[in-house]
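Encoded as structure tokens, the structure appears first; notes follow it.
Letters A, B, ... mirror the listed sequences (proteins, then strands); counts begin at 1. Hydrogens, waters and symmetry mates are skipped; everything else that's a heavy atom, side chains included, is used.
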Protein chains: 2
Amino acid sequence: MSNEIPRATVERLPRYLKCLEQLIQHKRTISSTELAHLANLSPAQLRKDLSQLGSYGIRGVGYDVEQLQGEIRRELGLTRDWPVIVVGVGNLGSALAAYGGFGNRGFEIAGLYDVDPDRIGDNIQGIEIRSLDRVGRDVAARRVAIGIITTPAVAAQSTADVLVAAGISSILNFAPAVISVPSHVELRQVDLSTELQILAFYLQSRSGESAPRPRDDEP
Amino acid sequence: MSNEIPRATVERLPRYLKCLEQLIQHKRTISSTELAHLANLSPAQLRKDLSQLGSYGIRGVGYDVEQLQGEIRRELGLTRDWPVIVVGVGNLGSALAAYGGFGNRGFEIAGLYDVDPDRIGDNIQGIEIRSLDRVGRDVAARRVAIGIITTPAVAAQSTADVLVAAGISSILNFAPAVISVPSHVELRQVDLSTELQILAFYLQSRSGESAPRPRDDEP
DNA sequence: TAGATTGTTAATCGATTAACAATC
DNA sequence: TAGATTGTTAATCGATTAACAATC
């Protein structure tokens, strides 16, 4: 009954949004062909995706850039600001905290946490680093739904457990470890070495070495 | 003729590898059920994936952990070390450069580049930051195939162009911009705000607000 | 041999593509 | 009206799942 948007489409909406943001200064309307070209996708796929949101294109003309941006933002839930916490303020966590792109994109850092006593009390961009012990109270008080894990790999699972216990329902894991969460928690994993390994696969396969030599286990 | 491994399978191989690495101390063999559980996937999918690599399981027993790790590493092209360069040594680029996980995972930072004269000559983890002008010569000399972009969004496309011109054939883009590369270049994009937006979508849709209110454009 | 677990097949499901009628 | 471009349909393609024969 409700308009179910396919997962693959949801995962492309941010990309369309990014293209539209770069575009909004320059054009009032854009055709599926042009926008698809910017997004490195086919026009058919773009139209299919956008038609899932309702029908905001104008036949013979194209899409209104500003309106479409608004529709996608609404669909993604970016008309409000989501508070986000970051656990693990090492190099990567600090880099994310310092990254400006939160505020103007619908997100806001509501807290930074670490377990290292030396770091607790420091602050990054005006946000104090607090003990992970406090995360339960803070999440409840500020109604935080999204947690980002930037701890070392060994601490990732226990951190996830703490976040879930605190009531977090969406986790973005940057630690290079596969973690498990209850099924009501939405989990996304981003990992540098995973991405590099995928690139390495295609490099190797392109450079010829395609057939992995078969093993002879028996003499 | 050559054993084409489906893209979806390739993208899961790093995950299996990560699980096996955590496991290798503890077990000599593992069943598809157990390993799938660790990887948050179904046993059927795991067996299907692994069977694409050849058949390394033992019926009635399971998979030899060490052997399977070796097979996946070979398949992904991790039996050699791939030199990698990083362009843009801001917070994120510095964090990646400082990240220990390169060396022991089949990758090695062969160069750091920036355009900021103040940063050129500095070094991170013993690697000197050089002018982007030099990237062409360096890539050729060191046979670098993989480039990581950690510049600001506005510089991402021009950086990609420079890398492609230098002969790089695989790019990992962390800048929050959609970029285009020639079809012979393999491109992967990783973006914090994209991931957060996808999480926001599911948060919003779970919390009820499912039907985007229809627009009345006509009075 | 009996029990366990793989590798593979066939069925299902979902996503992409191509084409074109609808319509601005 | 003629030209352009969407939204949608049907066809294709690829990925996942379930089930079980093969086999350790």
Residue pair [X] / [Y], side-chain heavy-atom distance below 4.5 Å:
| X | Y | answer |
| --- | --- | --- |
| A:I179 | A:I149 | yes |
| A:I30 | A:L38 | yes |
| B:W82 | A:L199 | no |

Using whole Å, what does the distance between atom [atom2] of nucleotide [N] and atom [atom1] of [X] come to?
| X | N | atom1 | atom2 | answer |
| --- | --- | --- | --- | --- |
| A:D49 | D:dT8 | CG | P | 13 Å |
| A:L46 | C:dA15 | CG | P | 17 Å |
| B:Q52 | C:dT9 | CD | P | 12 Å |
| A:I58 | D:dT5 | CD1 | C1' | 11 Å |
| B:Y56 | C:dT8 | OH | C1' | 17 Å |
| B:I5 | D:dG14 | CD1 | C1' | 16 Å |
| A:D64 | D:dT6 | CG | P | 13 Å |
| A:Q45 | D:dT12 | CD | P | 19 Å |

Closest nucleotide of DNA chain C for A:A44 versus for A:R7: which of these residues is on the 5' side?
-> A:R7
Is there a donor-acceptor contact under 3.5 Å linking the side chains of A:E71 and A:Y56?
-> yes
Without hydrogens or angle criteria, can the side chains of B:Q45 and B:D49 be said to hold a donor-acceptor pair below 3.5 Å?
-> no
Whether over 12 other heavy atoms sit under 6.0 Å from A:Q22 CD | yes
Around atom CZ of A:R80, are there more than 12 heavy atoms of other residues, nucleotides or ligands at under 6.0 Å?
-> yes
Closer than 4.0 Å, any side-chain N/O of B:Y63 to the OP1 or OP2 of C:dG7?
-> yes
Of the candidate nucleotides C:dA10, C:dA19, C:dT17, which contains the atom at the shortest distance from the side chain of B:K48?
-> C:dA10
When you measure from the side chain of B:S42, which nucleotide among C:dA15, C:dT8, D:dT17 comes out closest?
-> D:dT17
For DNA chain D, just give me the dot-bracket, please: Watson-Crick or G-U, both distances below 3.5 Å, ( ) intra-strand, [ ] crossing earlier pairs, | paired with another strand, . unpaired.
-> ..||||||||||||||||||||||
Quick one, which residues of residues 17-37 of chain A touch DNA chain D with a heavy atom under 4.0 Å?
-> A:S31, A:S32
Polar pair under 3.5 Å, donor/acceptor by atom type, side chain A:R59, base C:dT23 = no
Ranking B:R12 and B:G60 by the position along DNA chain D of their nearest nucleotide, the one closer to 5' is B:R12
A:F201 six-ring face occupied by B:R7 cation (under 6.0 Å, within 45°) = no
Does the distance from a Lys or Arg side-chain N to an Asp or Glu carboxylate O, for B:K18 and B:E21, drop under 4.0 Å?
-> no
